[in-house]
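Quick notes on the structure that follows.
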Amino acid sequence: MRIDVVTIFPQMFKAVEDCGMSRVAIERGHLELGLWDPRDYAEDNYRRIDDRPYGGGPGMVMQAPQLSRALRAAKLEADGKVVYLSPQGQTLTQEKVRELAGGPALVLLTGRYEGIDQRVLDAEVDEEISIGDYVVAGGELPAMVLIEAMVRCLPGVLGNNESIDAESFSNGLLDWPHYTRPEEFEGRSVPSELLGGNHDKIRRWRLKQALGQTWLRRPDLLKDKYLSDEEVSLLREFKIQTSEQGQESSQ
Ligand code: SAM
């Protein structure tokens with residue numbers, strides 16, 4: 001997949017190029033990253049890309065001509081959908097990550113200051129995506145969040161392809177708890193179901209925990225989810241065990 005990012009801070013993307021799974025994805029040819037600095041498309045010696053807002057008020061606005069030229073140069077390289085990272089966009093979900101990671105190319109537009117001249121957004125942007133209901137200073141970190149989430153979905157990037165399907169949100173449930181050695185840590189033991197290698201017992205324990213954790217922490221995810229007979233009965237068991245544990249701890 002090719003991802004082009006329009007940003008006035010291309011150096012921030014060293015983190016994507018040099019670290020973790022995205023570095024490996026680039027090295028193995030799963031990901032190609034292009035960076036486009038609107039300052040390179042400014043026409044004055046100061047490489048200016050912002051100006052005061054029409055109508056007054058605080059802050060600066062990123063100017064349309066420089067931004068449009070940078071965006072169009074990026075699109076010439078790989079004609080992907082243009083996504084503007086914006087607090088006013090649709091909140092990012094795992095489903096959206098998978099959808100975007102399924103395309104051959106994507107152009108990410110990142111803002112700074114008060115944002116970008118609306119005319120660029122009207123003319124050039126296909127979709128706006130937010131990473132949550134809060135405001136950060138620029139679109140670079142949101143773009144990196146999206147890139148890292150997409151990279152994990154690219155075929156061949158994750159060593160074990162199973163792990164992505166078992167993760168939080170992939171099947172509409174949160175993940176189950178994980179344990180590794182030592183078996184005993186400061187008086188806390190690994191659940192007995194995970195020891196002894198009984199695959200069906202392990203599968204049922206994990207499914208019960210995933211259902212239970214979702215019910216406890218994100219009941220909204222269960223609202224419209226179809227549950228099989230086995231899932232209904234595992235969730236019932238989880239609820240009974242949780243209420244028994246609650247009664248024990250209040251005695
Ligand atoms: N004036 C804007 C508003 O109130 O909606 C906030 C602008 S913000 C300081 C500057 C840039 O950061 C935005 O243009 C956008 O690219 C990025 N940004 C900030 N919060 C974001 C979020 N939650 N999701 C995605 N991008 C965000």
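Note that the structure is predicted; figures quoted are calculated from it, not measured. Along the sequence shown, residues carry numbers from 1. Start at 1 and go down the list; that is how both ligands and their atoms are numbered.
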Quiz: residues 25-34 side-chain donor-acceptor pairs under 3.5 angstrom, not counting sequence neighbours:
| residue | atom | partner | partner atom | Å |
| --- | --- | --- | --- | --- |
| Glu27 | OE1 | Arg23 | NH1 | 3.3 |
| Glu27 | OE2 | Arg23 | NH1 | 2.9 |
| Glu32 | OE2 | Arg2 | NH1 | 2.8 |

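- Contact record, Ser168 with Asp175: OG-N, 2.9 Å, taken as the closest heavy-atom pair.
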- Task: Please assess Phe169 against Glu95 for the test side-chain contact (heavy atoms from CB on, under 4.5 Å), listing each intermediate value before the final yes or no.
- Result: CA-CA 8 Å; Phe169 307 114; Glu95 196 182 346; over 6 Å; no
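- Pairs passing the side chain to side chain donor-acceptor pair (under 3.5 Å) check and including a residue from residues 67-76, sequence neighbours excluded, read Arg72-Glu124.
- Partners of Asn198 according to the side chain to side chain contact (heavy atoms under 4.5 Å, CB included) rule, which considers only residues two or more places apart in sequence or in another chain, are Asp200, Lys201.
- Each of Glu193, Glu230, His199 was scored for a side-chain hydrogen bond (donor to acceptor under 3.5 Å, both in side chains) with Arg204, with one residue passing: Glu230.
- If you look at ligand 1, the protein residues with a non-hydrogen atom under 4.0 Å away are Tyr84, Leu85, Ser86, Pro87, Gln88, Gly111, Arg112, Tyr113, Glu114, Gly115, Ile129, Ser130, Ile131, Gly132, Tyr134, Val135, Val136, Ala137, Gly138, Gly139, Pro142.
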